[in-house]
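Written out below as structure tokens is the structure these notes cover.
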Number of protein chains: 2
Amino acid sequence: MSTPLTSDLSARKGYHHGNLRDALIEAARQLLTERGAQGFTLVDAARRAGVSAAAPYRHFRDKDALLAEVALGGFKDFAARQTGALKGHSDPIAAFRAMGLAYLAFAREEPGAYAAMFMGGGAGPSPEKIGETGFEALVRALKPLVGDPPPQGVDPVRLACQVWALSHGVALLSASGQLEKGFGVNPQELLIEGVERLVRGALSGAGKAPSAD
Amino acid sequence: MSTPLTSDLSARKGYHHGNLRDALIEAARQLLTERGAQGFTLVDAARRAGVSAAAPYRHFRDKDALLAEVALGGFKDFAARQTGALKGHSDPIAAFRAMGLAYLAFAREEPGAYAAMFMGGGAGPSPEKIGETGFEALVRALKPLVGDPPPQGVDPVRLACQVWALSHGVALLSASGQLEKGFGVNPQELLIEGVERLVRGALSGAGKAPSAD
DNA sequence: ATCCGATGTTAATGGCGTTGACATTGGGCC
DNA sequence: GGCCCAATGTCAACGCCATTAACATCGGAT
């Protein structure tokens, strides 16, 4: 992003690093990608940035605060990709498909950020800092699909939640290899087809009240 | 399960514990529930079982092996609940609904096992040990719903994957509070409705080939 | 009764998160 | 320009955890 990946994170101008905060965030993202959330270590991040183990505490309260910062960057990047995917298409269906693919692409290409966002302790950053969420873009993309006003019994927010959950589930099952290894299923196709089914099912079943046992 | 939760895990008959292996698994499940996967510690599990920190190594190669055992128990329990939910109903739709609810109930009632199963390093136990998987029960429940033979373009396994992913996604989003807090959505209703939409959408869209960009 | 293997214990090693005391440096102020 | 402070690093130390090696205990086979 702001720091080119090619730059040596440990480059420093002297006693002071000069840009340690960003270097640590970038190092954390890399290490998360390489070793997963489990194997991530503050000391490693400091090492990769070329500073002592205590230096990070000048910029982050503790390890979790650094991870939260990685997660925050991830949420912003993610939202940008989602709105970008939405804008690139005029056909609402194509836009929707693009957003689904963007979701999987993000999970695949930014596993470090993705891990920080969801596999962490669950305490993500306060949503206020994110600005427009990927989810909001999703709801916006959904409205032209269901019509305005939406048919009786079709709440765009609920449908968006279902699309979101489906995307999330596919991404996680795919990340742990359970989809490809177990059933030879292509995650992209699976998600796109599933989203189409959700939308079509919602519209064809409009007017029915959900029963909750 | 086999060990009643009321029994004191640290009860021992003398120098030897007598049932340390099971006690450690149970202690791990409890601690996973109380403190999450992040905060789980082998030493804590040993403490709760009333033994020294080194004792667990007589029964498990390392910490991950203990967690894998918790995960294995979770998979078995989960599969049992799924098949149980399937058997309890003659109407295929009701059975399907029950399985969805059973999924969420498991994630809610056994967060320790659930964490070990999915939030772990991703290296779950070898599937051979599980016997009938919850997923297989899902496919079985699906067949009468889609008809036999299924319509053109409706692969029961793919549909089952989508239902699975949706369930997984709803469970995880619900666990991290993003559904209830963010949108006031009831996870149970959301999942049931989503599953119905997936099935209806699959049947109403039968014959179309999925396009994958 | 004896002996051995399974099961526990203690002590030590090495890594990590975190903190407090001390060092270095760049920039504001005279 | 030179002085001083706040920001930013380093070191050393503490406590906790995972893991292992050496030693202790006990139950059951012989």
Side-chain angles (χ1 to χ4, degrees), chain A residues 3 8-28 30-32 34-71 115-116 119-121 123, chain B residues 3 7-28 30-32 34-71 112 115-116 119-121 123:
Chain A
T3 308
D8 185 356
L9 298 179
S10 65
R12 54 200 296 182
K13 309 171 190 298
Y15 185 90
H16 291 295
H17 183 288
N19 197 21
L20 183 54
R21 184 185 163 87
D22 289 350
L24 284 172
I25 295 176
E26 176 57 27
Q30 292 178 9
L31 288 167
L32 246 12
E34 294 168 19
R35 313 193 224 238
Q38 280 291 335
F40 172 74
T41 245
L42 227 201
V43 175
D44 270 339
R47 243 193 297 271
R48 181 158 300 197
V51 296
S52 72
Y57 291 88
R58 297 296 174 199
H59 299 275
F60 304 96
R61 187 154 34 93
D62 57 15
K63 180 184 176 182
D64 285 342
L66 171 55
L67 289 177
E69 214 59 28
V70 175
M119 318 238 275
Chain B
T3 307
S7 80
D8 185 357
L9 298 179
S10 67
R12 49 155 94 192
K13 310 172 190 299
Y15 185 89
H16 291 296
H17 183 288
N19 198 21
L20 183 54
R21 185 185 164 87
D22 289 349
L24 284 172
I25 294 176
E26 176 57 26
Q30 293 178 8
L31 288 167
L32 246 12
E34 294 168 20
R35 313 196 228 247
Q38 282 291 333
F40 172 74
T41 244
L42 227 200
V43 175
D44 269 338
R47 242 193 298 272
R48 181 159 299 197
V51 296
S52 73
Y57 292 88
R58 297 295 173 200
H59 299 275
F60 305 96
R61 187 152 32 93
D62 56 15
K63 181 184 174 181
D64 285 343
L66 170 56
L67 288 177
E69 214 59 27
V70 175
M119 319 240 274

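Computed from a predicted model, the values in this text were never measured in an experiment. Values below: every heavy atom of this structure, side chains too, minus hydrogens, waters and symmetry copies. Sequence lines set the chain letters: A, B, ... in the order given, protein chains first and strands last, and positions in each chain run from 1.
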Using a 4.0 Å heavy-atom cut-off across all strands, classify A:Arg47 as base, sugar-phosphate, or nothing.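 The answer is sugar-phosphate, as A:Arg47 gets under 4.0 Å only of primed atoms, P, OP1 or OP2.
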
Under 4.0 Å between any heavy atoms, over every strand shown, what does B:Gly18 touch: base, sugar-phosphate, or nothing? Just pick one.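 Here B:Gly18 touches the backbone only, sparing every base.
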
What is the distance, rounded to the nearest whole Å, between atom [atom1] of [X] and atom [atom2] of [N]?
X       : N      : atom1 : atom2 : answer
B:Arg35 : D:dC17 : CZ    : P     : 9 Å
A:Leu20 : D:dT10 : CG    : C1'   : 13 Å
B:His59 : C:dT9  : NE2   : C1'   : 13 Å
A:Leu24 : C:dG17 : CG    : C1'   : 14 Å
B:Phe60 : C:dA6  : CZ    : C1'   : 15 Å

Please check this pair: side chain of B:His17 against backbone of B:Leu9, looking for a donor-acceptor N/O pair closer than 3.5 Å.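 Side chain of B:His17 to backbone of B:Leu9: a pair is present.
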
Closest contact, heavy atoms only, B:Ala49 versus B:Ala23: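 Closest approach of B:Ala49 to B:Ala23, heavy atoms only: CB-CB, 4.4 Å.
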
When rounded to the nearest 0.5 angstrom, what is the spacing between NE2 in A:His59 and CG in A:Leu24?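 A:His59 NE2 to A:Leu24 CG: 7.0 Å, rounded to 0.5 Å.
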
What distance separates B:Lys63 NZ from B:Leu42 CG, expressed to the nearest 0.5 Å?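 Reported to 0.5 Å precision, the distance equals 7.0 Å.
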
Evaluate side chain to side chain contact (heavy atoms under 4.5 Å, CB included) for B:Leu67 paired with B:Phe40, printing each intermediate quantity in order. CA-CA 10 Å; B:Leu67 288 177; B:Phe40 172 74; 3.7 Å; yes

Output a table of nitrogen or oxygen pairs between the protein and nucleotides 13-15 of chain D separated by less than 3.5 Å.
none

Donor-acceptor pairs under 3.5 Å, side chain of residues 51-58 of chain A to any protein atom, not counting sequence neighbours: which ones?
none

Can you list every salt bridge (charged side-chain N to carboxylate O under 4.0 Å, His left out) pair that touches residues 39-49 of chain A, not counting sequence neighbours?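 Counting only pairs at least two positions apart or across chains, the salt bridge (charged side-chain N to carboxylate O under 4.0 Å, His left out) contacts touching residues 39-49 of chain A are A:Glu34-A:Arg48, A:Arg35-A:Asp44, A:Asp44-A:Arg47.
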
Side chain to side chain contact (heavy atoms under 4.5 Å, CB included), that's the test. Do A:Arg21 and A:Glu69 meet it? Break it down for me. CA-CA 10 Å; A:Arg21 184 185 163 87; A:Glu69 214 59 28; 3.2 Å; yes

Sugar-phosphate means primed atoms, P, OP1 and OP2; the rest is base. With that split, encode nucleotides 18-26 of chain D 5' to 3' as B, S or - using protein heavy atoms under 4.0 Å. SBB-B-BBS

